[in-house]
Structure formats: C-alpha cells, structure tokens
Amino acid sequence: MRGVWHTERVKSAEEELMAVVPPGSLMRKAAFGVATHALRLLAGRRRVTLLVGAGNNGGDALWAGYFLRRRGVAVSAVLLNPAKAHAEGLAAFRRVGGRIVSEVGSPDLVIDGIVGLSARGPLRPQAAALVDTVTAPILAVDLPSGIDPDTGEISGPHVKAHTTVTFGCLKPVHALADCGEVHLVDIGLRPVDPDFVLLDREDIAWPVPGPSDDKYTQGVTGVAAGSATYPGAAVLSTGAAVLATSGMVRYAGPAADAIRARWPETICTGSTTDAGRVQAWVVGPGMGTGTSSAEVVRFVLDAGVPVIADADAITLLASTPSLWDARDPDAALVLTPHDREFERLAGPVGPDRVAAARKAARRFNAVVLLKGHRTVVAAPDGRALVNSATSSWPATAGSGDVLSGIIGALLASGLDPFLAAGYGAYLHVLAAELGADGAPVPASGLMTAIPDAIRALRRS
Ligand SMILES: NC(=O)C1=CN([C@@H]2O[C@H](COP(=O)(O)OP(=O)(O)OC[C@H]3O[C@@H](n4cnc5c(N)ncnc54)[C@H](O)[C@@H]3O)[C@@H](O)[C@H]2O)[C@@H](O)CC1
Ligand SMILES: [K+]
C-alpha cells in the first residue's frame, strides 16, 4: 500500500528534515535522482534542454543539469525568470559549462523544472508558449508543471510528461493525473499517516473459502437488479457476484428467466421479499427508477445487511430522501456513483475528487466509490484510496454492473466495506486488462475474466 501526502504536509516534513541535514543536500539528492533517470532515458544520446522556473523546482533542474554535464551531456537551460533562477544551482550549472539559451532547440530530452509543489493553476502564458515548442520527451521534476499538485486538476496548459521523477513521497497529482511513468527518489523523507493510499497487488487478500466453509458460510450475495427493459444489467451483476467469491447468489427481480438461463447456479425469485437470507445486497443496476424500484431499495436498506447501491438505486436515493429513513444505521452501505450520479446525490464533484468523495462518505455514513479513470474510494471514518485504471478498456457499457456484483460478493464474504470497494475496483481493472488483452472487451468479457484476475492476484 503506497501512501500519498498533500503538499502542505510534504513541505513541513521537508522543513523538519532540512533543519538537520547540510544546506542544499536535499536538493542535490533530488537532482542526482533526476539526472540518473535522465541518463536512462537518453540511452546514450547527448542533448538535454532544461526549462527552469523561479523556484526550487527550477533549482532541481539546474542541479540535474550540473550532474548531466559532468557525465558529458550537452545541457542548455531556458530561464523563465533569469533574475529569480536558483542562485547556487545556476552557478553550479555555469561552472561545468552549461549554456543559457532562449529557445528549446531540438534536444533528445527536455527536463521540466518550471514549477513544483508550490504551483497553482495552469502554466502561465510564457511557460505555456515554451512548452508548446517541445517535441522531445519530457522528464518532469517532481510533477508535470501546470497540473495541480494536490488535486491533479488540469485547468489549462500543462506539461505532458513521459516520466516524472518525484522525491520523498507521492503527492496527490501522481495518483490523480497522468504523470507518465512515476519514479520516487529517496531523499530521506519519512512522513507518516498518508492522506490516502494506492492499493497494490500484494495488498489484496482476496477472500477464499477455508477447509470448513460451505456454500452459506462464505456469504450469500443477493442481487436486486434488472428490469424487463434492462435484463442484461442483472445478468452482468449477478454473474460477477457468482464469479467473484460467493458460495451462493440469490437473484430477486423481473429478470429471473434471463438469469436462470445464464447462471443456473443462482437461486432466483421474482421479488426481494421472498428471496431468503443473504449476507449482502446489490441493488440498482438496470432496475429503473419507478415506484416498485424505490420499494426494493427501501427493502434492502432495511434488511440489516451490507448493501451496495449502484446506478438507479443512487438516483432513487437522490430523488427520494425518505428512502434514507429505511436504512439500518448499523449496516454498511457502499455507494458507487459516476460523476453525474454523484452530482444528483451530493452536488458537483469539483476539482478535488478525493475531498468530494470523503465529504460525501461522512455525510451519508457510507463508503463512496467515485468512478472514473482514477476511482476514488472514501470511508466515513476518513480513510481514502485511489485506484488507477491501467487503460480505458473498463470504460464500456455494462462495466459498472459487473463492478457492483464483485463488490456485493466481497461484502457478503464479510470484508470491511472500504476494502470491499477498493479490492472490487482493483479486480475490475485487472479483469478488464486480462479480458481485453489488447482488443476492446465487452462487459460480459470483463465479467468472464474475473476468475483469471483472481488467479493473477492470488499468484502475486
Ligand atoms: N523543500 C525541499 O526540501 C525540497 C524541494 N525540492 C523542490 O522544490 C520544489 C518546490 O519549490 P518552491 O516551493 O520553491 O516552489 P516551485 O518551484 O514549485 O515554484 C514556485 C514558483 O513558481 C511560480 N509559479 C507558481 N505557479 C505558477 C504557474 N502556474 N506558472 C508559472 N509559475 C508559477 C511562483 O511565483 C513561484 O516563484 C519541489 O517541487 C521540488 O522540486 C527538492 O529540491 C527537494 C527538496
Ligand atoms: K515540474
């Protein structure tokens, strides 16, 4: 599990460290790391241009230029604000024959030291015009300039980095925006209590049956989804639950015939009221937003077991506040909105997706999984994680129905709802990757890749 820290906390950790190490040593460590990665990217080629802003980020770039010069690389620097360029860095760079130029030229690699942690807003016009002329791959120092360090928001011109070399710890921009390949250089910073985390394969302990488990003890998942118009959503959600863990899946709703035909192992009924006992409910996919669907939502919220509410169930919760009254306050609720559903429920997401999900999680006393290329999961107790898609293959119709079934099965197994949502998001991306294998994958293919994804997770 990799931690991510907001810039304010990184800066105070850096200040504490700077007080006890020789002056300038952190910057030189950081810059040496940048130079090492630059040499790797250059792979024997020899021309580098530095883009140097007015702060310490520019200082890092100049010191990296110094180390590269010492390795025989031809390094030029464009100073965006010559009067404010980092004095020691500039002197060192000049000492080893670094050239100051006014244009990018045609280098093999560009190093972006325009702005780092203290930046706010997009690139200013002069920097934007300069970046526009770059055709070489860009190595960003700390973060791609022009992207908000704390939210990853892109609101105008910014650097598109091939690689980002950052220092000490990850910041939100690295989890929430495209920074290319991200490399972390150890500068001795050891912050604690991250603001949020990124899940890695080795963090995921997928629930598997023990020697004494039977079909009931692994947790029975109930799925209330689908309609005469959208039986497919029910097939996908139920199928995902069948494949994800559960000893048994019960389906309740109008798509029972379609479910029986595709998933003969499920127990199907026409209504939630005669579905029998379950350990978690999935509610919402393709069910519609009519009065009978609202009654289904009311029923499952009152059932005293964890619920994952997706799609139409979220729309109903947003439009019918009285449904919340049915909720058993002790039973976990996971909400899985995309941005429009989130807006219906809690107002616009805004630029800070983690903060938005966290706020909604507290407000609704629910785990909120905010879908996106970077999916955010927040718990009412303040925990948050971000899961990045490795491609856009999961962005396909019906993909959310599959996710709901996976999370439902994990909830039924008794997993902490925050982890159930996080593991679900992770497995969903992995299943899309394996199902796609380089070509578009429909949601049904994503669903059938679930066993392969679980195997891959358990092998690693
Ligand atoms: N503090 C430390 O201990 C360390 C800091 N390091 C480097 O220092 C950086 C932070 O340096 P600073 O705090 O000096 O600030 P930055 O280098 O991030 O930039 C601040 C400067 O950029 C200008 N600026 C702000 N937004 C801008 C925009 N949108 N477009 C153009 N210019 C803009 C500001 O006027 C200010 O002069 C880190 O990102 C990292 O690269 C590293 O050397 C490691 C050690
Ligand atoms: K930068």
Side-chain angles (χ1 to χ4, degrees), residues 207 216-225 237-238 240-241 244-253 267 269 271-285 287 292-337 341-342 345-346 357-370 377-385 400 403-425:
Y216 295 110
T217 57
Q218 296 170 65
V220 177
T221 313
V223 180
S237 181
T238 307
T245 86
S246 194
M248 191 199 281
V249 176
R250 298 184 190 274
Y251 169 79
I267 311 288
T269 53
S271 145
T272 40
T273 44
D274 50 21
R277 278 176 59 83
V278 300
Q279 274 66 54
W281 275 110
V282 178
V283 67
M287 79 192 303
S292 57
S293 299
E295 284 319 305
V296 171
V297 173
R298 199 184 301 280
F299 176 88
V300 301
L301 285 178
D302 185 36
V305 297
V307 173
I308 161 179
D310 183 42
D312 291 334
I314 296 177
T315 303
L316 280 164
L317 282 165
S319 64
T320 321
S322 67
L323 284 179
W324 292 97
D325 301 342
R327 184 179 170 195
D328 177 336
D330 291 332
L333 176 62
V334 178
L335 300 163
T336 52
E341 288 160 349
F342 186 95
L345 203 58
R358 250 192 189 128
K359 195 169 162 211
R362 286 219 173 86
R363 175 171 160 199
F364 297 112
N365 185 28
V367 169
V368 173
L369 179 151
L370 177 57
V377 180
D381 62 11
R383 285 176 296 166
L385 66 84
L403 177 64
S404 69
I406 299 172
I407 295 174
L410 290 170
L411 286 175
S413 78
L415 201 63
D416 167 6
F418 172 71
L419 291 181
Y423 288 11

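Side chains included, hydrogens not; waters and symmetry mates left out as well; all remaining heavy atoms used.
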Side chain to side chain, [X] and [Y], heavy atoms closer than 4.5 Å:
X	Y	value
Val368	Phe342	yes
Leu333	Pro306	no
Ile407	Val282	no

Could you state the interatomic distance from [atom1] ([X]) to [atom2] ([Y]), rounded to the nearest 0.5 Å?
X	Y	atom1	atom2	value
Gln279	Met248	CD	CE	9.5 Å
Tyr251	Thr272	OH	OG1	10.0 Å
Leu316	Arg298	CG	CZ	10.0 Å
Ile314	Thr336	CD1	OG1	4.5 Å
Phe364	Lys359	CZ	NZ	10.0 Å
Arg250	Thr221	CZ	OG1	10.5 Å

Return the minimal non-hydrogen interatomic distance between [X] and [Y], and the atom names on each side.
X	Y	answer
Gly422	Leu385	CA-CD2, 3.9 Å
Val377	Phe418	O-CE1, 3.5 Å
Ser237	Val223	OG-CG1, 3.8 Å
Leu323	Ala294	CD2-O, 3.4 Å
Pro380	Ala366	CD-O, 3.5 Å
Ala346	Ala360	CB-CB, 4.3 Å

Backbone N or O of [Y] within a donor-acceptor pair of the [X] side chain at under 3.5 Å?
X	Y	answer
Trp324	Leu317	yes
Tyr423	Ile406	no
Thr269	Ser271	yes
Ser293	Met287	yes

Any chance you could lay out the side-chain contact (heavy atoms from CB on, under 4.5 Å) test for Val220 and Ile267, step after step, and finish with the verdict?
CA-CA 10 Å; Val220 177; Ile267 311 288; over 6 Å; no
